Amino acid sequence: MEPVMEKSLRQCIQDLEALKTAYNCIDVEDPCTRCLCMAGITCWARYVDNRLKDSLEMIRQGECAEVLAMNYGRLAKKEYWLSGRIRNDMMNYSDKPLTAYHVLSDFKTSADLYEVYEAAVSDMVNNLKQVKDTFDQPELYENLISDMKALYADPYLESEYEGMKEEYPEINLGVYYGMQVQACLEFLKSGALRDAVCTSNANIEEVEVDKLTKCLAFNYKIPEDIKELWAKLSKYIDVKENAMIVPNRSRIRSLILKHFYDMTTAQFQALFRLDMLLMLIHCDMVKQYPEMAVYLATNEDSGLFGIVNSLTRLMQQKWFKNLRADKRFDDAWIGKFVEDLLNSEHSKTLLDIWENQDKRLRLKGNIIGCLKLAGIIEGNNKDIARAVLGDDDPKVETFSIYIGEGKNKGVVVKKGTSDKSVRDWICDYVNH
């Protein structure tokens, strides 16, 4: 019978390690005590292994319930779990049945018990290695990152940013760059990267402090170890044309996963504040300097540039021409509509959704549903879904549901939460 305890999987693994260590350290030589302890350890190892399998499956489905940040260099080695006197003891005691040691079990001897423990450990180690590998695929943790972003969001940041802009009589690329540098320095002061990231003397020497500080206010307090801190940060950002600081979100997600239990609440708040502040600054930069939009795409479909391109391409296909209610909704209209939508007050909401690759298909369906409500597209949801995806696409049913959501509820921000204001904006845009 498996133990039932309200513990995290990470804590269960730590408990198994403590049990194994205790077995090897205790002075008691009584075979009955040792066999009984081994029976408990084996039971716990099998339980941990089953929990690991469930957790791995959830991660692959994008439903991460827990971040398993641990010392994989030690825990993902079979010999670590089999080290010490466990094997020798179980072999030595195997000349008698387990019942002779007052252990009630389905196994006949201690050797059988050890065999089951070894098999559970082998399976567990293999699963631990697979969990570790998921840290190199941070997109599997998109839902977790999105939930954390919402949890640590600063509700006053946008108004604070608007006040920051009012301090400047004129805003140009130099001012935008200074805002970004200051935002990065404030994040670095939180200490989130101080112990989490290693850097080299060569990287430190490459930091040009004068370039960073000349764009800051004269009275801004610069950290004494700015060169070291910026060298660490440089692993997670790219600076474009000495004007735009673009975060490498894939690397940042990996940082979060690997140091999930090392970072404090204040440091997580600082990290997500930086991410949001850079996004606000970049939105303004692109409005003022459209040519900078290209730097917000780490690939064809990411960032502001990516969502504009993707939505424009989606609506300029043959299905839209076949289902549109009026020919005035041509390619030129589509281009202006998408541009205006992403320049509206809803751009932040849409970008937040777009950053999660698993939510992009839903967002497209929701927007098509909004367009249907506005009278631009005609047809039932399933026919529209078939026209967009193709008759044989297995996602037709799901996409038709997304279209219905958009028409009835608006854009789904997260599970159970919809934003009708985007839908209303689209309807007003079409009808005025």
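Fair warning: this is a prediction, and the values are worked out from it, not measured in the lab.
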_E397/K382 salt bridge by N-O under 4.0 Å criterion_ = yes
*Identify whether NZ of Lys or CZ of Arg in R324 sits under 6.0 Å from the centre of the six-membered ring of F329 and within 45° of that ring's axis.*
no
*Could you tell me which residues satisfy salt bridge (charged side-chain N to carboxylate O under 4.0 Å, His left out) with D330, sequence neighbours excluded, listed by chain and number?*
none
*What salt bridge (charged side-chain N to carboxylate O under 4.0 Å, His left out) pairs are there with at least one residue in residues 398-409, not counting sequence neighbours?*
R362-E405
*Mind checking whether L363 and Y402 have side chains closer than 4.5 Å, heavy atoms only?*
no
*Please identify each residue that fulfils side chain to side chain donor-acceptor pair (under 3.5 Å) with E206, with sequence neighbours left out.*
none
*Any pair with a residue in residues 420-432 that passes salt bridge (charged side-chain N to carboxylate O under 4.0 Å, His left out), sequence neighbours left out, goes on the list, sorted by first then second residue, please.*
none
*With a 4.5 Å heavy-atom cut-off, do L229 and I226 have their side chains touching?*
no
*On the ring face of F187, is R273 found with NZ or CZ under 6.0 Å from the centre and within 45° of the axis?*
no
*Are the side chains of L144 and M148 in touch, meaning some heavy atoms are under 4.5 Å apart?*
yes
*Kindly write out the residues that satisfy ring-ring contact (aromatic ring centres under 6.0 Å, His included) with Y429, not counting sequence neighbours, or none if the list is empty.*
F337, W425
*Counterpart residues, salt bridge (charged side-chain N to carboxylate O under 4.0 Å, His left out), relative to D225 (two or more places apart)*: R194
_K321: which residues meet the salt bridge (charged side-chain N to carboxylate O under 4.0 Å, His left out) condition with it, sequence neighbours left out?_
D331
_List the residues meeting salt bridge (charged side-chain N to carboxylate O under 4.0 Å, His left out) with E115, not counting sequence neighbours, and say none if there are none._
none
_Taking the side chain as everything from C-beta on, heavy atoms only, tell me whether I86 gets closer than 4.5 Å to M38._
yes
*What pairs with Q288 under side chain to side chain donor-acceptor pair (under 3.5 Å), at least two apart in sequence or on another chain?*
Y176
_Strictly distance-based, threshold 3.5 Å: is any side-chain N or O of W81 a donor or acceptor partner for the main-chain N or O of L75?_
yes
*Are any non-hydrogen side-chain atoms of H282 and Q180 less than 4.5 angstrom apart?*
yes
*Of all pairs that satisfy salt bridge (charged side-chain N to carboxylate O under 4.0 Å, His left out), the ones with a partner from residues 340-349, not counting sequence neighbours*: K336-D340, K348-D352
*asked:* With side-chain contact (heavy atoms from CB on, under 4.5 Å) as the test, pick out the partner of V239 among V181, I245, L212.
replied: I245
_Enumerate the side chain to side chain donor-acceptor pair (under 3.5 Å) contacts for residues 368-378, please, sequence neighbours excluded, ordered by first and then second residue._
K372-N381
*Can you pull the ring pair (Phe, Tyr, Trp, His ring centres under 6.0 Å) pairs that have at least one residue in residues 145-175, sequence neighbours excluded?*
Y152-F268
*Under 3.5 Å, side chain of R360 to main-chain N/O of W354, donor-acceptor pair present?*
yes
